[in-house]
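Structure, as structure tokens:
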There are 2 protein chains.
Amino acid sequence: MTNLPSGNSIAEVAHLIGDAARANMLAALMGGRALTAGELARHAGVTAQTTSGHLAKMTEARLLAVEKQGRHRYYRLATADVAQAIHALMALAADGPPRYRPVGPRDAALRLARTCYDHMAGRLALALADSLVREGHVLLADGAGLVTERGEAFFSGLGIDVTGATQSRRPLCRTCLDWSERRPHIAGRLGAALLDSALERGWVVRQAESRALRLTRAGESGFAAAFRLPSDWRVEGVAQ
Amino acid sequence: MTNLPSGNSIAEVAHLIGDAARANMLAALMGGRALTAGELARHAGVTAQTTSGHLAKMTEARLLAVEKQGRHRYYRLATADVAQAIHALMALAADGPPRYRPVGPRDAALRLARTCYDHMAGRLALALADSLVREGHVLLADGAGLVTERGEAFFSGLGIDVTGATQSRRPLCRTCLDWSERRPHIAGRLGAALLDSALERGWVVRQAESRALRLTRAGESGFAAAFRLPSDWRVEGVAQ
DNA sequence: GGAATACTTCGGCCGTTACCGAAGCGTTCC
DNA sequence: GGAACGCTTCGGTAACGGCCGAAGTATTCC
């Protein structure tokens, strides 16, 4: 419509996100798993045909990626950049006027451990971040993070390779403000690798229909041993 | 209207940004300077009364902050978080379908040195970032950055205190993808401090009606000496 | 084969909102 | 004082776009 040269396409992207139904779908996809059109419709609270239109637009704009599987269509966030943008908007929304706002997830399971796009969040993630800092494996300073040499060896022992760090444009390690606890946990490529590794070892398992992660008995002892977690890491509000 | 518990206010924020006129105003404010309502109207290409409505909404939502000065009203981005969110959306918009898109600022002065919200961008900023990494003052790894001990001393010599790093929630050092050069430069609190310092020393001066920074003769030699810049730092496309 | 499921396309309704003209306030300049 | 300027408020118009019902296309299950 308007033919302004630039600074306009940002409006198009924001316009897509700036609809309640679509925003709810995107928020649901921040859980990291691919969801079907039907599941997204339920999350958004609109009918299937309305959802279909929304998904087509977001896919067209490369916010989402689709995968056909039988009669289902699985949608996921197209890139980490999309998750990053949504995260930045969430941070803005969290500020705002001091009107009513529910503070974090109610569900105790969600507060303990959940996924946040492609990495872990909740008390468990905070305990891991604290441990990595305490043991000198990563250095964190307000939003930025770096893996130390000592850390490289440590992660290598967990089967996580971080040497190719500078190759990818994707941040190796960045922090992400934990929704329920309001403290930073580890995101970025390292955060994703930690989640993958934990899932592979069976230390945590995804829950159906939820972003919650269930901590297994193996995980209970595995995390504690590998990361030297303090015994009280489950207690809320304990800093460091 | 809809009374979904959460994940909704993100839609409200995005909805605000998702209008061409408002997005253009925000993009103009990414230059870092406060602008009057009239200037913003010209940037957006709409009348004063339309602009007034837009500005009221964005101020109400705490995206913008106002300052009255005589018969003028100066608007600026309310917080660094707002700049961060807009930046993330710009990154998304830059991806998108491969249709027509102008590649970076045309003006040579803009490519050499300009402001990006509260820090420097352009060839100069890239040369500074390269220097800081080469001299071991900061460590950069994909989007994240940390100041070394050596760096703390260096910045202290420039009158920049970085010890209070962990106090503020605002990232001390983070990178920002340079629009014209597609390489990261230094943003965050450190980036802002570098710009402030350079302005104070008269090494660069702001240009009227533009985001461009003019490099002074004092700056020419000052930057070269303090940061040990290579002689060819002005040449485009030179990595490191 | 037929029925059920998952998703899409089409058409029409209706609420939201961006836009501008006109008019109103407050400030500055002469 | 009056005129010019910067910005805001009000009212009416026009259009964009989200929504659902109905109908249509795949795919799976029995």
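Below, chains carry the letters A, B, ... as their sequence lines are ordered, and counting in each starts from 1. Everything quoted here is computed from the prediction, not taken from an experiment.
For Ser221(A), the side chain to side chain donor-acceptor pair (under 3.5 Å) test picks out no residue, with sequence neighbours left out. Here Arg42(A) pairs with nothing under the side chain to side chain donor-acceptor pair (under 3.5 Å) rule; sequence neighbours left out. When the salt bridge (Lys or Arg N to Asp or Glu O under 4.0 Å) test is applied to Arg71(A), no partner is found at least two apart in sequence or on another chain. Ala127(B) meets the side-chain contact (heavy atoms from CB on, under 4.5 Å) test with Leu229(B), Trp233(B); sequence neighbours excluded. Residues forming a side chain to side chain donor-acceptor pair (under 3.5 Å) with Thr36(A) (at least two apart in sequence, or on another chain): Glu39(A). Considering only residues two or more places apart in sequence or on other chains, Ala129(B) meets the side-chain contact (heavy atoms from CB on, under 4.5 Å) condition with Ile186(B). Under the salt bridge (Lys or Arg N to Asp or Glu O under 4.0 Å) criterion, Arg234(B) pairs with Glu220(B), sequence neighbours left out.
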* **Heavy-atom protein contacts under 4.0 Å, nucleotides 22-30 of chain C, coded B base, S sugar-phosphate only, - none** => B----BS--
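Between Thr50(B) and dA18(C) there is no side-chain N or O to OP1 or OP2 distance below 4.0 Å.
Axis orientation changes by 30° from one end of the helix from dG1(C)-dC30(D) to dC30(C)-dG1(D) to the other, with each end axis drawn from 5 pairs and the value rounded to 10°.
Under the ring pair (Phe, Tyr, Trp, His ring centres under 6.0 Å) criterion, the residue pairs touching residues 203-222 of chain A are Trp203(A)-Phe223(A), with sequence neighbours excluded.
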List, one per line, each side-chain donor-acceptor pair under 3.5 Å for residues 46-57 of chain A, sequence neighbours excluded.
| residue | atom | partner | partner atom | Å |
| --- | --- | --- | --- | --- |
| Thr47(A) | OG1 | Gln49(A) | OE1 | 3.3 |
| Thr47(A) | OG1 | Thr50(A) | OG1 | 3.1 |
| Thr51(A) | OG1 | Thr47(A) | O | 2.9 |
| His54(A) | ND1 | Arg22(A) | NH1 | 3.1 |

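The stretch residues 28-42 of chain A touches DNA chain C through Thr36(A), Ala37(A), Gly38(A), each having a heavy atom under 4.0 angstrom from the strand.
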